[in-house]
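In what follows, a structure is listed as structure tokens, so that the remarks can point back to it.
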Amino acid sequence: MGYNFLEIEKKRQAYWAEKKTFQVQNNSDKPKYYVLDMFPYPSGAGLHVGHPLGYIASDIYARYKRHKGFNVLHPQGYDSFGLPAEQYAIQTGQHPELTTKTNINRYREQLDRIGFSFDWSREVRTSNPDFYRWTQWIFLQLFDSYYDKIEDKAKPISALIAVFEKEGNTSVQVECDVASPKFTAEQWSAFSEEEKQAILLDYRLTYISETEVNWCTELGTVLANDEIINGVSERGGFAVTKKKMKQWSMRIGAYAERLLQGLDKIDWPDSLKEMQRNWIGKSVGAKVRFQVENHDAQLEVFTTRPDTLYGVTFMTLAPELELVKTITTAEQKEAVEAYIEKSAQRSERDRMADVKTISGVFTGAYALHPLTQERVPIWIGDYVLAGYGTGAVMAVPCGDQRDYDFAKHFEIPIKNIFADTDISEEAYADKSGGVKLQDSDFLNGLEYKAAMKAIIAHLETTGSGEGTINYRLRDAIFSRQRYWGEPIPVYYKNGLPVPLSQDHLPLVLPKVENYLPTADGAPPLGNATHWAWDTKSEKVVANDLIDNKTIFALEMNTMPGWAGSSWYFYRYMDAQNDTAFVSKEAANYWQDVDLYLGGSEHATGHLLYSRFWQKFLFDLGHLPVDEYAKKLINQGMILGSSAFMYRKKGSQEYLSKGLIEGQEVEPIRVDIALVNLSDELDCEAVKQWQPQFAEATFVLEEGVYKVGREVEKMSKSKYNVVNPDQICEDYGADTLRMYEMFLGPIEQAKPWNTAGISGVHSFLKKTWRLFHNDETFYVSDDAPSAESLKSLHQTIKKVTEDIEQFSFNTCISAFMICVNELTAQKCNQRAVLEPLTILLSPFASHITEELWALLGHKESISQVEYPVFEEKYLVESTKNYPVSFNGKMRFTRELSLDLSPKEIEQIILEDEQTQKQLQGRTPKKVIVVPGKIINIVG
RNA sequence: GCUCGAGUGGUGGAAUUGGUAGACACGUUGGACUUAAAAUCCAAUGACCAUUGCGGUCGUGCGGGUUCAAGUCCCGCCUCGAGUACCA
């Protein structure tokens, strides 16, 4: 009987399930540790070999921490709202709930097979009403809050109302919509209830606004900035255009500074922090106001270079700006309108594609320079973005390359305010210092830093501007015109949103016949016959009852994908609670996530939004900390290796890879299941595979059809998905677990390749044999040899260090060396093999659990204490140490490690050979580092 | 363009953070066991030269530098990957 992994794994998994080995309690004498994975979206393709990479790493760490005496929370769940299930529903009419259930069941089977130590009693599903009830609850909290800039935190809106009643809004410092009007306390109390609500809406942390959104016609929904990649939708790759729509937004901008500062407190990868910093995009500068000539309007610009104010020769406004229409002169009206029309029609992608083309139109209007009162022409140009800063820039062609190019193109004068610089070819944008200002009145002779200080002070005293900080981070659009998401718990009364009371949550998704938008363009929820709110019975009722007195229309948009994932990690702490999203006790016990593992593709999406919600819930006192994940590790993606066949243009003839040179061919993806390990295609199988290939003819080279290969993301549509099931069948889950870890550092992306899997597999077979004499289990109780103890303790040391640093690949190398050594030493003593089993159990969990039982233990190995490293077993050994003289002469001596550096130095100096090499010279110094190289400097 | 990160054998990747470069594994070659295969075990494996003296030379993308000592630090390039994209 050899290593029968199939039998062992089945048995051990049944044992874990029966004993509920990995269930964890919310109290313990042990210290807590929370290991979290980014939960998967259950897609129809099933789990592929890339998914478990992170799960295996976190599982190893969770198991290690259990051995080290921690009470470990290691849960799993599903991010089960999302587009693919809905798209599938549109195509087939099958309810997304059904597809989602089927997919989840398949995921669970696959996850179980790999033997993870998840506590499934705490499972969450974002599409489950018991869960999204609390997502809706958090929405209501945001609706009921505003952001106080003085205290720098969110507070209940009731506090703001109190302020309005006392002093109006003329002096409050809170985050709100820029367009919100000013009023006094008297005016406030004179407003009608409706007027008050309309004003308050501008201040809430989730608010409705008419904003320019990224609209994707094919998907029929708006997209957030992070859902757009290279100007097209992340899902599906469809075109995205700008469109004005009334949308729910989340005031994440209020948290920009805290999100930035918070990064310094958390142990996340630098690259990821950098991405978030760039996304938040803090820039320090000033706001400057220009009076428009012969007009009431003032033009406010944001600039990071107020020191160059004297270099302004024109202004540029974003074409979308409302102000443009009012200031344009009659002569220019036609040209300006044509330009606005043209730029509105361009899609995001077009706009990005030709950043080089300079375009713009003169409005005919002039602004007055706030310092010199000179007339400055006002232009519009689509290089200025409406959404950033004030949507207007003061153009300083001598100091900014884009302004420079624009000025050159339209022959606008350029004024050089930098002394001793040449701007005949390009702008001088360097602000590192050394260059002094000229033609700048009181700024003359000053360098960048001093000039900044002086001009801001001047602007502030004259009232024509002030120092400001601007952020690139925009408020997050929260409405999606989709069916398969959380309903927003709000109904509309006289056009204003009214939140449902939290007692009426969850507001459950209604049944619909059709998952597409309605005929008049309303979101899919418009298809529901029962989707209106009766304020009398406080129930959802039929739409056709709407009477605008007691029955009102419910919100038809749903929440975006990131809503549920922004707080799910707290639900695991208290998954069954139906009175709170998490109890105070549970949140206080678990506090936060100690280790979070997931992909870096969520850097500017989920990982930013969840930090925002965390800070918000912390502000309101619902959570104990304002950063939820102390440490984060990005696992690299495992990529697929797609296979291609090459169709000769306009024919049904397919050429083998070696024959395509000089031919016009189209590469066509083919399922990698139809290709063998030597890249040879099964042509008959291709004909069966899809009807379009039934008539295909294949041109072979040397009797076979060779496919081309390309490394890309694993996806069902690329036919390159490798599922872990087959690996488990052929080699076992333990081999899969160890092999994925052995591939390389977890942070690194790498293509999937099973070439080296036999090495890991034979390691497990060797380990099994270590415990067996011929076919029978045999472990002796004799005292082990010093040699074996040395091997063991070297391994304890190395493995522990490596696990702490998440260097699992080198860790596995250490196991391999150890088992090879012990095999050579014929070691079969319990005193060595037992600790080794514990060491190995985070990695090869099934085989070690089995061996542990064979060793006569009743309890699960997962709860056993980790072996202790003892230096004394290593000290007795000797090792060869090279001694080098000036880096040239080398020889070796045997030195004992337990000698002190001084003693080693003495031995070397008395050594005959050393003396010979020194050739009578006296060494200047001897560098002795225990366990390292020893150098003698002549 | 800007911001990060990375370039090491035929391959995946190690290197105690300035101290014998190439651990461990795959692959390849040779051998043992076997009727044979599988499985297993042993040996060799950076390149070049010398190989009936067990040694030498060169080697971590390229060019310089610091140091007794550089894959590792500094300066200047090249290539690849990721993120971002008219952010004023």
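Labels below follow one simple rule: chain letters A, B, ... track the order of the sequence lines, proteins then strands, and each chain is numbered from 1.
Ring centroids of A/Y739 and A/W752 are separated by less than 6.0 Å, placing the two rings close together. Between A/F410 and A/F314, a ring centre-to-centre spacing not shorter than 6.0 Å is recorded. Ring centroid separation for the pair A/F5 and A/H761 comes in under the 6.0 Å cut-off.
With a glycosidic angle further than 90° from 0, B/U52 counts as anti. Look at B/G31: its glycosidic torsion is beyond 90° from 0, and that puts it in the anti range.
Pairing partner, B/U17: none, since no Watson-Crick or wobble contact has both distances short of 3.5 Å. For B/C77, the paired base is B/G61 (Watson-Crick or G-U wobble, both distances below 3.5 Å). Pairing partner, B/U3: B/A82, with both Watson-Crick or wobble hydrogen-bond distances short of 3.5 Å. Checking B/G27 for Watson-Crick or G-U wobble geometry (two distances, each under 3.5 Å) identifies B/U45 as its partner. Nucleotide B/G9 forms no Watson-Crick or G-U wobble pair with any nucleotide shown, as no partner meets the under 3.5 Å limit on both distances. Across all strands shown, B/U51 has no partner, as no Watson-Crick or G-U wobble contact with both distances under 3.5 Å is found.
For the P atoms, the distance from B/G56 to B/U51 is 15 Å, rounded to whole Å. Look at the P atom in both B/A37 and B/A32: the space between them is 12 Å, to the nearest Å. The same atom, C1', is picked in B/A70 and in B/G65; the two are 11 Å apart, to the nearest Å. Here the separation of B/C4 from B/C73, taken at their P atoms, is 16 Å to the nearest Å.
Nucleic acid contact for A/R277: none, since no nucleic acid atom lies under 4.0 Å from a heavy atom of the residue. Within the nucleic acid shown, A/S600 has no heavy atom closer than 4.0 Å to any nucleic acid atom. Backbone-only engagement by A/K766 is indicated by non-hydrogen atom pairs under 4.0 Å involving sugar-phosphate atoms exclusively. A/V384 comes within contact range of at least one nucleobase, with a heavy-atom separation under 4.0 Å. Within 4.0 Å of A/Q401, counting heavy atoms only, lies no atom of the nucleic acid at all. Heavy atoms of A/D382 sit under 4.0 angstrom from at least one base atom.
Taking atom CZ of residue A/F815 and atom P of nucleotide B/A14, one finds them 17 Å apart after rounding to whole Å. The distance between atom OH of A/Y388 and atom C1' of B/A85, rounded to the nearest whole Å, is 13 Å.
Proximity of A/S762 to the phosphate of B/A39: no side-chain N or O atom is located under 4.0 Å from OP1 or OP2. The side chain of A/N634 contributes no N or O atom lying less than 4.0 Å from OP1 or OP2 of B/A82.
The shortest heavy-atom contact between A/D403 and A/M394 is OD2-O, 3.9 Å.
A side-chain hydrogen bond (donor to acceptor under 3.5 Å, both in side chains) with A/R305 holds for exactly one of A/T303, A/T308, A/D307; it is A/D307.
For A/K282, the NZ atom sits in a packed shell: over 12 heavy atoms of surrounding residues, nucleotides or ligands are nearer than 6.0 Å.
For A/N278, taking side-chain heavy atoms from C-beta onward, the closest of the listed nucleotides B/U3, B/C24, B/C87 is B/U3.
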